*Asks:* 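Could you have a look at this structure, given as structure tokens, before my questions?
Here the structure is a predicted model, which means the values were calculated and not measured.
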Amino acid sequence: MLRIAMVEKANILVEALPYIRRFYQKTIVIKYGGHAMVAEDLKESFAKDVVLMKYIGINPVVVHGGGPQIGEMLRRLGKKSEFYQGMRITDADTMEIVEMVLAGKINKEIAALINRQGGFAIGLSGKDGRLIEARKLRLARDTGEDSPRK
């Protein structure tokens with residue numbers, strides 16, 4: 001049984017070799033969505049994969065979402081999530097909650113998961129050092145949808 005498992009792992013590595021060569025010393029951006037951050041076994045597997053990428057010479061950068069977690073926190077605080085054409089309407093109060101969930105909770109959790117798997121991760125917010133600047137979004141047309149995109 002152990003021998004079969006080892007052969008399967010070796011086959012996976014052989015199959016991955018062209019990709020390892022292609023992306024060696026490249027920076028890869030990984031979008032880690034809010035719905036993928038729910039099951040504990042999947043979160044651990046994700047962190048192991050990120051660490052493996054670094055060990056084989058690929059430079060992963062994780063950009064995470066958190067829509068479901070934001071929605072849950074808003075619900076717990078008695079604030080209703082509002083959407084227009086699939087986009088969350090974010091007033092000043094909601095933005096504080098969004099920042100708390102994304103930068104204060106999720107970001108730190110992901111960095112800790114990766115570090116527990118032997119990696120070295122730090123979490124940055126888009127506000128840190130003005131890494132990301134944004135402006136108000138104006139929607140050009142009405143699609144008739146007032147729910148989050150799936």
*Asks:* Scan residues 40-61 for pairs that pass ring-ring contact (aromatic ring centres under 6.0 Å, His included), counting only residues two or more places apart or in two chains.
*Replies:*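 Listed by first then second residue: Y32-F46.
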*Asks:* Taking the side chain as C-beta and beyond, is there a heavy-atom pair between R88 and S81 under 4.5 Å?
*Replies:*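 Of all side-chain heavy-atom pairs linking S81 with R88, at least one is under 4.5 Å.
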*Asks:* Just wondering, do I114 and V51 contact through their side chains at under 4.5 Å, heavy atoms?
*Replies:*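 SC-SC contact between V51 and I114 confirmed.
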*Asks:* Within this structure, what is the CZ-CD1 distance for the pair F23 and I58, rounded to the nearest 0.5 Å?
*Replies:*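 Between atom CZ of F23 and atom CD1 of I58 there are 7.5 Å.
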*Asks:* Kindly write out the residues that satisfy side chain to side chain donor-acceptor pair (under 3.5 Å) with E72, not counting sequence neighbours, or none if the list is empty.
*Replies:*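 E72: side chain to side chain donor-acceptor pair (under 3.5 Å) contacts with R75.
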*Asks:* Evaluate side-chain contact (heavy atoms from CB on, under 4.5 Å) for K48 paired with L52, printing each intermediate quantity in order.
*Replies:* CA-CA 6 Å; K48 285 179 182 177; L52 175 63; over 6 Å; no
*Asks:* Do K79 and D91 have side-chain heavy atoms sitting under 4.5 Å apart?
*Replies:*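 They are in contact (side-chain heavy atoms under 4.5 Å apart), so the answer is yes.
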*Asks:* Is there a continuous path of hydrophobic side-chain contacts, each under 4.5 Å between heavy atoms, that joins L102 to M100?
*Replies:*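 Yes; M100 is reachable from L102 via cluster members.
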*Asks:* Determine whether more than 12 heavy atoms belonging to other residues, nucleotides or ligands lie under 6.0 Å from atom NZ of K127.
*Replies:*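 Result for NZ/K127: open.
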*Asks:* Considering the options I106, V101, T94, which one meets the side chain to side chain contact (heavy atoms under 4.5 Å, CB included) requirement together with I70?
*Replies:*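 So the option named by the test is V101.
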*Asks:* Taking the side chain from N115 and the backbone from A111, do they hold a donor-acceptor pair closer than 3.5 Å?
*Replies:*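 Indeed, once roles are kept as given, a pair shorter than 3.5 Å links the two residues.
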*Asks:* In Å, rounded to the nearest 0.5 Å, how long is the span from CD of E8 to CZ of R3?
*Replies:*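 It comes to 12.5 Å.
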*Asks:* With a 4.0 Å cut-off on N to O distance, would you call K54 and D49 a salt bridge?
*Replies:*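 Not counted as a salt bridge, because no side-chain N and carboxylate O are separated by less than 4.0 Å.
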*Asks:* For the atom pair CG (L113) and NZ (K108), what is the distance rounded to the nearest 0.5 Å?
*Replies:*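 Between L113 CG and K108 NZ, I get 13.5 Å after rounding to 0.5 Å.
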*Asks:* Would you name the heavy atoms of A47 and Q117 that are closest together and state the gap between them?
*Replies:*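 Reported closest heavy-atom pair: CB-CG, 3.7 Å.
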*Asks:* With clusters defined by side-chain heavy atoms of hydrophobic residues (ILVMFWY) lying less than 4.5 Å apart, directly or transitively, does L77 cluster with V98?
*Replies:*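 Same cluster.
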*Asks:* Tell me whether the count of non-hydrogen atoms from other residues, nucleotides or ligands lying under 6.0 Å of CD1 in I4 goes above 12.
*Replies:*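 Open: at most 12 neighbouring heavy atoms sit under 6.0 Å from CD1 of I4.
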*Asks:* Can you tell if the side chain of Q69 reaches within under 4.5 Å of the side chain of M37, non-hydrogen atoms only?
*Replies:*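 A side-chain contact exists here, since the closest heavy-atom pair is under 4.5 Å.
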*Asks:* Would you say V62 ends up clustered with L124 if hydrophobic residues are merged whenever their side chains have heavy atoms under 4.5 Å apart, either directly or through other cluster members?
*Replies:*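 No, separate clusters.
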*Asks:* Let's go through I28 and N59 carefully: what are the C-alpha distance in whole Å and the side-chain angles of both, what is the deciding distance for side-chain contact (heavy atoms from CB on, under 4.5 Å) to 0.1 Å, and is it a yes or a no?
*Replies:* CA-CA 6 Å; I28 303 296; N59 301 309; over 6 Å; no
*Asks:* With heavy-atom distances below 4.5 Å as the criterion, would you say the side chains of R116 and E44 are in contact?
*Replies:*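 SC-SC contact between R116 and E44 ruled out.
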*Asks:* Looking only at heavy atoms, what is the nearest atom pair of K43 and V38, with distance?
*Replies:*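 In this case the closest contact between K43 and V38 is CE-O, 4.3 Å.
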*Asks:* Just so I know, are the side chains of L74 and K80 near enough to count as touching, which here means a heavy-atom distance under 4.5 Å?
*Replies:*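 Not in contact.
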*Asks:* For V29 versus V63, what's the shortest heavy-atom pair and its separation?
*Replies:*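 For V29 versus V63, the nearest heavy atoms are CG1-CG2, 3.7 Å.
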